[in-house]
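Heads up: the structure comes next, in structure tokens.
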Amino acid sequence: MTMDIFAEYDKYVMPTYGRQPVAFVRGEGCYLYDRQGERYLDFVSGLSINNLGHCHPAVVTAVQRQVAQLIHTCNLYYTEPGAELARLISETSIGGKVFFANSGAEANECAIKLARKLGHETGGAGKHRIITLEGGFHGRTMATLTATAQPAKQAPFKPLLPGFTYVPANDVVALAGAMDESVCAIMLEPVQGEGGVHPLAKEFVEVARELTRKHDALLIFDEVQTGLGRTGKLFAYQHFGVEPDVMTLAKSLGGALPIGAAVAAPAYADVLEPGTHATTFGGGPVPCAAGVAVFGELTAPGFIEGVAAKGQYMLARLRELEQAGLVTEVRGMGLMLAIDLPRPLAAEVVSRALEHRIILNSIAAGTIRFLPPLIVEERMIDQVVEFLTTTLKVMM
Ligand SMILES: Cc1ncc(COP(=O)(O)O)c(C=O)c1O
């Protein structure tokens with residue numbers, strides 16, 4: 001069937017996204033293909049979802065097998081993929097137990113509710129305040145939007161939830177000043193992703209850990225974007241030597257199928273009891289079977305070390321652009337990287353990249369974020385850097 005997909009979207013899909021003018025029909029490895037069969041190098045990975053590349057054979061096989069066997073039961077019953085994925089998450093991270101959701105925002109909703117409930121139990125109704133960081137991003141539902149301390153995103157939807165306090169990232173004095181016994185949690189991204197790819201300072205994360213211990217509050221890490229190998233470690237908290245009490249995951253967890261997870265360390269694993277939290281789709285056997293396949297790849301010998309090495313390579317190549325005066329800053333961790341341009345031309349660079357069959361993402365007027373599949377190869381990184389060098393030379 002031929003149809004004008006762009007016109008149909010305009011007519012029938014809410015305009016919540018600024019879409020690039022391309023419709024994809026197929027994906028394989030680091031490449032996407034449009035309706036004309038043109039091949040595009042993907043350095044966005046569906047926003048860090050397709051981390052194993054498109055249609056990874058292990059994921060496809062696991063999903064095909066599971067979808068033919070059992071698609072859904074709801075959480076009133078047990079399934080093997082749910083048990084297996086929960087065990088893998090728990091055993092490779094902070095121990096404890098997992099709640100399965102369907103997205104990053106929902107995983108964070110669970111973490112927020114867990115912190116509030118625990119706060120009520122340990123300190124009474126007054127212990128409900130949650131501290132988050134300016135420039136952070138935790139989702140678009142009302143609670144996670146409230147946690148997302150970005151005024152422009154929040155303004156049209158006020159009033160927000162009560163009980164959230166925002167402090168500037170990496171400001172230990174402000175963080176200490178905001179803490180008291182009314183705080184039930186500090187929630188942060190170890191590397192602020194959507195806010196511009198800003199890794200937090202190690203000292204700041206350590207202070208957050210100390211303060212939460214001192215004030216009997218939870219430390220929640222939102223690893224929806226940073227988790228599962230993206231930063232060159234299985235979880236970004238491992239770079240900081242600081243373990244959170246609760247960690248949230250989503251994005252690449254289901255090998256591109258929708259699933260989220262909140263994992264609570266053993267001491268907090270039973271805070272949410274029957275009847276306190278739920279979601280009908282959460283932890284379905286198909287996304288969980290995909291998640292088990294994802295873990296199989298991520299934990300294969302050398303895989304994560306390879307991500308770290310490729311991240312170093314890409315960082316070094318992007319620094320050449322900085323040395324050439326074409327970009328003003330390069331930052332990030334592993335394969336979660338960004339460049340700042342001297343002028344607000346990021347959208348234009350993304351458009352030109354698309355013309356050159358490269359998919360890039362701008363997260364601010366002058367900032368381009370790179371989230372290539374973790375299976376990316378050095379020659380692909382070279383292709384992107386060469387495109388940027390040529391394009392930026394002409395544009396600047
Ligand atoms: C750190 C972080 N938390 C939460 C979310 C929200 O996830 P979702 O879009 O799956 O609700 C995102 C999405 O970009 C994210 O990057």
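Position 1 is the first residue of the sequence, and the numbers go up from there. As the structure lists them, so they are numbered: ligands from 1, and atoms in each ligand from 1.
Note that atom 7 (O) of ligand 1 has protein non-hydrogen atoms nearby, at separations under 4.0 angstrom.
Per-residue contacts place E189 under 4.0 angstrom from the following atoms of ligand 1 (heavy atoms of the residue considered): 1 (C).
Contact annotation: for S103 versus ligand 1, heavy atoms closer than 4.0 Å belong to both the backbone and the side chain. Within the 4.0 Å heavy-atom criterion, the part of N108 lying near ligand 1 is the side chain and not the backbone.
Looking at A105 next to ligand 1, an N or O pair under 3.5 Å apart turns up.
In summary, the aromatic rings of F24 and Y40 are positioned with their centroids under 6.0 Å apart.
Between L360 and V350 the shortest heavy-atom distance is O-CG1, 3.4 Å. When all heavy atoms of I49 and K251 are compared, the pair lying nearest together is CD1-CA, 3.3 Å.
Under a cut-off of 6.0 angstrom, the local environment of OH in Y33 is crowded, with over 12 non-hydrogen atoms contributed by other residues, nucleotides or ligands.
Taking only non-hydrogen atoms, the option from Q225, H138, E223, K251 nearest to atom 14 (O) of ligand 1 is K251.
The protein heavy-atom contact nearest to atom 10 (O) of ligand 1 is G104 N, 2.8 Å.
Between F235 and Y237, the ring planes are parallel. Angles under 30° get that label, and only those over 60° would be called perpendicular. Taking the six-membered ring where the residue is Trp, F99 and H277 present tilted rings, their angle falling between 30° and 60°.
The closest approach between any non-hydrogen atom of D222 and ligand 1 is below 4.0 Å.
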